[in-house]
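Order of the sequence lines fixes the chain letters, A, B, ..., with proteins taken first and strands second; residue numbering starts at 1 for each chain.
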There are 2 protein chains.
Amino acid sequence: MPNIRDVAQRAGVAPITVSRVINDTGYVSDELRQRVEQAISDLNYVPNRLGPSMRSKRSHTVGLVVADITNPFWTTVVRGVEDAAYKAGYHLFLCNSDESVYKEREYVELLLSRQVDGFLIVPAETQFDVLELIQKQGKAIVLLDRYVRTRSIDIVRGDSDGAGYLLTRHLLDLQHRDIAMLNGPRLASTAVERAKGYRRAMNEAGFLDRSERILWGEYTQESGYYQTLEALQWRPRPTALIAANNFIALGIVRVLDNFGLRIPEDISLVVFDDLPVEVNLRPFFTSADQPAYEMGFLAANTLFERLGGDRSSELKDIVLPFKFTVRSSSGPPPKP
Amino acid sequence: MPNIRDVAQRAGVAPITVSRVINDTGYVSDELRQRVEQAISDLNYVPNRLGPSMRSKRSHTVGLVVADITNPFWTTVVRGVEDAAYKAGYHLFLCNSDESVYKEREYVELLLSRQVDGFLIVPAETQFDVLELIQKQGKAIVLLDRYVRTRSIDIVRGDSDGAGYLLTRHLLDLQHRDIAMLNGPRLASTAVERAKGYRRAMNEAGFLDRSERILWGEYTQESGYYQTLEALQWRPRPTALIAANNFIALGIVRVLDNFGLRIPEDISLVVFDDLPVEVNLRPFFTSADQPAYEMGFLAANTLFERLGGDRSSELKDIVLPFKFTVRSSSGPPPKP
DNA sequence: CTGAAAGCGCTTACAG
DNA sequence: CTGAAAGCGCTTACAG
């Protein structure tokens, strides 16, 4: 491939003149400019951005680490990030952590050596040890969706606490009293927040000490499956279930049939993150959806602001409200 | 950030010795190795891969351009690519072309200047002009899903022709005779192939000249909507519809209600790419699904083989069969 | 076993 | 308005 010197030679100028033409910087006479442009097109010259990246220590590149792009929620977040990056002239390295801190760290190290300017990460756990590594290298970072132990870090997330509260209130308003929450892992901040909202609504309604009604698990279909099996053993049997995410909801649906239970006649269901719609029962439950696209878009732009020199300003904790889709049939509870 | 010379200085060695320790190449005495490792950890040294990339002209980086990552089909393809890349030690630049040749070209140019080693692209149109650019720069490329005019290019794709044939046969076997195909754009090779399979099955069954039963459009919900409106005007009215992709199927479903038509009682439906399942009618149609993950994984590995020096071998055209999910209720046709 | 030199492609800072 | 020199961080190829 030709380099800037080949172009310069062909045009009979110095490399720096070619550079000035390419970047439209400094003064170049029309005549030289024409000769350079001719040489560029003759040689199919494509400037190599690795050079400038090395000099300027700016790659205009961002590392994006999500849990699993196969989950439509993250897909949508990624799309928001990508659109923001496109507009801002950044390129994305896409990485799937699969919720593993090991893979997360591995990717961060590789991305650091690739000289990304910053990171957009969905942390796998609240113990976010790679942060030290990132900050020591002086790289910017904005978290997506889940906060971590340290608060000294920018984040854009959904209002899980508020949504947990509203979903629970919704069920309470429909006269449900025995409400089980099938939750994600204790190490995920979103699960913790969702539980907090649940408890707040229950307490306000005068139902104290309902913590044992929260089943901690994973954000997976399997987990939802086993959590449901357990919840259905309780006496009195719950009249309503809260699924802390879409996969857990799938697990729930898989079980109910075996117990001869139907939604909403026998048991009500409300769901966080109503995105993957495997379920034919969609009209029968109320859902609270994260504004996924906006989350990605905002987080990316927050990062780009930082990279643009806005490092001094104070930390951001942007909390986006969920979108509610209330469907009539989430209740009321069945008569015994 | 410290560089290799800082480490060398601290360890009292030459930079090349540090390089040898990092890459575990050449001979280094245990003593020096220890001093170097100590210095690396003291300084939190992270090697800068831009240096080697510039020297070796290998970035171990791949440009991935898909139509829209928001479509679950492409999501799954991307996941396959990512897993393959992770294993092979490559990193991905993710780009959405939004089916626009303009954006496609823009991304390819940017990726070229970023010195990607190769490309994985879902071409927006059969006229794939950027190919010249890519090949002139001596970069490897493997197409995903859709072929283009030039055949001198590796590709991994689904067997659209075969799937079109089988879906049509399925309807014919159920005694359908008036079958409308709501297809994608004429510029998309997948749409062309799907139509080809349809015609082949119809011809074999003795129904010639059924080309006018193919409605060309876009792979979008809007297109499916208007195509359905048109198809329903025909006399005799079609007893079965073939949706050439998932979005078109959504458009179909939106219309049927207005006409008081129900699936499968009044009209049968078969669908390509049964991935986004907005539809509550899923149990009522037969679908042919692309092996999306495998497509991404295979395409990426094909590219890596090329990058590994396998450029000489002949062109690959890997055609993967669709997976069929035949649901009983796709037919038979209603009695008049 | 260890190291000094050169060069990958570019642009900043300086000189003319 | 134009250009020669130096340097971003690394490693190949050579010398000792």
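Ring-plane geometry between His60(A) and Tyr90(A) is classed as tilted, the angle between the planes lying from 30 to 60 degrees on a 0 to 90 degree scale.
Taking a 6.0 Å sphere around CD of Gln34(A), one finds it holds 12 or fewer heavy atoms contributed by other residues, nucleotides or ligands.
Counting 5' to 3', DNA chain D first comes under 4.0 angstrom of a heavy atom of chain A and last does so at the ends given by dC1(D) to dG9(D).
Salt bridge Glu132(A)/Arg149(A): absent, no basic N to carboxylate O contact under 4.0 Å.
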Original post:
Which dot-bracket string fits DNA chain D when only Watson-Crick or G-U wobble pairs with both atom distances under 3.5 Å count, crossing pairs get [ ], and | stands for a partner on a different strand?
Top reply: |||.||||||||.|||
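For the atom pair CD of Glu31(A) and CZ of Arg33(A), the computed distance is 12.5 Å after rounding to the nearest 0.5 Å.
Checked by atom type, the side-chain pair Gln115(B)/Arg49(A) shows no donor-acceptor distance below 3.5 Å. Side-chain polar atoms of Asp83(B) and Tyr293(B) form a donor-acceptor pair below 3.5 angstrom.
Toward the 5' end of DNA chain C, the nearer of the two residues Ile4(A) and Thr17(B), judged by each one's closest nucleotide, is Thr17(B).
Checked by atom type and distance alone, the side chain of Asp117(A) never pairs as donor or acceptor with a backbone atom of Arg58(A) at under 3.5 Å. The closest donor-acceptor contact from the side chain of Asn301(A) to the backbone of Leu298(A) lies at 3.5 Å or more, if one exists at all.
Taking the six-membered ring where the residue is Trp, the centroids of Phe93(A) and Tyr107(A) are separated by 6.0 Å or more.
Put simply, the residue from Leu64(A), Val77(A), Leu94(A) that forms a side-chain contact (heavy atoms from CB on, under 4.5 Å) with Ile69(A) is Leu94(A).
Taking every heavy atom of residues 35-55 of chain B and every atom of DNA chain D, pairs under 4.0 Å involve Tyr45(B), Pro47(B), Asn48(B), Gly51(B), Pro52(B), Arg55(B), by number.
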